[in-house]
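Just below is one structure, and these are the notes that go with it.
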Amino acid sequence: MKPNINFETLKNYVMENSSYRLYTDGDKFDLHFVPNAPEAEAHFPEGESVEHVMYGYIEDGIAYFTKFVTISAFGKTEMDMIDDDPVMEWLKYI
């Protein structure tokens, strides 16, 4: 099963965290964020911020993540999400 979370829980998290933006279009969503913690900023390429975009779909009130995209000074990288993907560990804490 793709990484997932209750969609209402995700929406509430985004409303409380200003570095996140959530866009929906029917049953599809994009979650955008720019890490703003000092430990993340130390790793920004060429000192420029990095934007992460997670794509997914909503089914029966659950948000399923399907793709993870990183946009930085080095360009754009894409990764399809797999079951229990370690990049999604943060979901356990919201």
Query raised in the report: Under 6.0 Å between the ring centres of H32 and Y20?
Result: no
Query raised in the report: Excluding sequence neighbours, so at least two apart, what forms side chain to side chain contact (heavy atoms under 4.5 Å, CB included) with L91?
Result: P3, I5, F65, M88, I94
Report task. Look only at the side chain of T66 and the backbone of Y55, and say whether a donor-acceptor pair between them is shorter than 3.5 Å. Result -> yes
Query raised in the report: For the side chain of K2 and the backbone of D83, is there at least one donor-acceptor N/O pair under 3.5 Å apart?
Result: no
Rounded to the nearest 0.5 Å, what separates atom [atom1] in [X] from atom [atom2] in [Y]?
| X | Y | atom1 | atom2 | result |
| --- | --- | --- | --- | --- |
| M54 | L10 | CE | CG | 9.0 Å |
| M79 | F68 | CE | CZ | 6.0 Å |
| S19 | H52 | OG | NE2 | 10.5 Å |
| D60 | F7 | CG | CZ | 13.5 Å |

In the single-linkage hydrophobic clustering (I, L, V, M, F, W, Y; side-chain heavy atoms under 4.5 Å), do [X] and [Y] co-cluster?
| X | Y | answer |
| --- | --- | --- |
| Y57 | V53 | no |
| Y13 | Y23 | no |
| L31 | I58 | yes |
| V69 | I82 | no |

**Report entry** Any side-chain heavy-atom pair of E59 and Y64 under 4.5 Å
**Finding:** yes
Requested in this report: Sorted by first residue and then second, give each salt bridge (Lys or Arg N to Asp or Glu O under 4.0 Å) pair with at least one member in residues 69-81; sequence neighbours left out.
Outcome: K67-E78, K76-E78
Query raised in the report: Got a sec, which hydrophobics cluster with M15, joining ILVMFWY side chains under 4.5 Å apart, including via others?
Result: none
Query - Partners passing salt bridge (Lys or Arg N to Asp or Glu O under 4.0 Å) against K28 (at least two apart in sequence or in another chain) - result: none
**Report entry** Qualifying residues under salt bridge (Lys or Arg N to Asp or Glu O under 4.0 Å), relative to E8, sequence neighbours excluded
**Finding:** K11
Query raised in the report: Residues in side-chain hydrogen bond (donor to acceptor under 3.5 Å, both in side chains) with E16, at least two apart?
Result: none
